[in-house]
Amino acid sequence: MRDRLAGAGLAVEVRVTGESRELPAAVDLAAYRVAVAELLVEVGALADVASTRARQVLIDERLREPALAAVLDATPQGLIGARETLLLEMARYQPNDRTSAGDLSALVRIYLLSRIDVLWWQDAPTFVTDDQVNGSAELVDLEWLRRRDLLRFRYQEQPATMLGRAARGLRRRLRPDATPHTAGLLFRRARREVVALLNEIGREFTALAPPATPPLWVTSLVRSAEHQYRLRRLGYAAMLPSGHCLGYSVDVELAWFERFGARDTLAQLLLSRQEAGELNVIDEGQAWHLCLAPTARRRLRRAYEAEMGV
């Protein structure tokens, strides 16, 4: 990979784990995001089924433009692999009530912007199985932290039994807007850096949001690749590879905060962190997907250790 990237121009070195890797300096994420937004307008104009061939031609042409090609070619799949995967995702797309991709444009947006996560963390190991997530020393138990009042955000776990699911359903019928309408976390575990990030965002959101606004709400954290495939079979827009399966991506609720007049406040807070280079942000409708940038990892690890006294 080093030889291929060296041929793309000057390179900038970033530290991810104990080793260094190189990314091409030609990668301009701001330009990439603008190019993705422009592509989405054209995809939307070709949304009908009869335009399948026209959409394929459009994708072929646009992904070769420098702003898009530079990012995609620096991912493990490369430009050709990313193109083939995107076209396959589009061919398989079926709208449903579960997916965050409400239409083809949303699917393309989620896929292309999630490639930034993959670009950033391509050297990080994947949590392949549920057992690896539950047994990893790289992850901490959120419930242990919550009981000690060390979290500045909220979450709920997925019910593990039929009785639990029935109780959840009853609470939603009695108080339909008391909490966001999400399945909840399958794994209540997270990387230390991600906990520190969410605590920072949670504190800022509480300070900026109108009075009586509930705390930041997290809808998804680390997932195993095994679980990611389960979500795909259920119809969710669960992309592969995914930052969730590396432990560096989270989803936070946005739509629910509209009723408190706080949605735009949270959105701007997240986009400001993206502009500062600390996050990759993907608008997925009800929830927004966030991925921690490698350049922020060391600062946030230190913040976690200072906050937790370790």
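- Every residue two or more places apart in sequence or in another chain was checked for a side-chain hydrogen bond (donor to acceptor under 3.5 Å, both in side chains) with Gln132, and none qualifies.
- Asn96 and Thr99 are not linked by any side-chain donor-acceptor pair at a separation below 3.5 angstrom, with hydrogens and angles left out of the test.
- Val133 has its side chain out of reach of Leu186: every pair of non-hydrogen atoms, C-beta onward, lies at least 4.5 Å apart.
- With Asn280 contributing its side chain and Leu113 its backbone, the two residues share a donor-acceptor pair below 3.5 Å.
- Checking Thr85 against Glu89 by side-chain atom types alone, no donor-acceptor pair falls below 3.5 Å.
- Phe205 pairs by the ring pair (Phe, Tyr, Trp, His ring centres under 6.0 Å) definition with Phe257, not counting sequence neighbours.
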Do any side-chain atoms of residues 300-307 form donor-acceptor pairs under 3.5 angstrom with protein atoms, and if so which ones, sequence neighbours left out?
residue, atom, partner, partner atom, Å
Arg301, NE, Glu305, OE2, 3.4
Arg301, NH1, Glu193, OE2, 3.3
Glu307, OE2, Asn199, ND2, 3.3
Glu307, OE2, Arg203, NH1, 3.0

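- By the salt bridge (charged side-chain N to carboxylate O under 4.0 Å, His left out) test, Arg83 pairs with Asp60, sequence neighbours left out.
- Side-chain atoms of Thr219 and Asp251 include no donor-acceptor pair closer than 3.5 Å.
- A donor-acceptor contact shorter than 3.5 Å links the side chain of Arg148 to the backbone of Trp144.
- For residues 84-104, the set of pairs meeting the ring-ring contact (aromatic ring centres under 6.0 Å, His included) definition, not counting sequence neighbours, is empty.
- Here the side chain of Glu200 pairs no donor or acceptor atom with the backbone of Leu197 at under 3.5 angstrom.
- Under the ring-ring contact (aromatic ring centres under 6.0 Å, His included) criterion, the residue pairs touching residues 266-300 are His244-His289, with sequence neighbours excluded.
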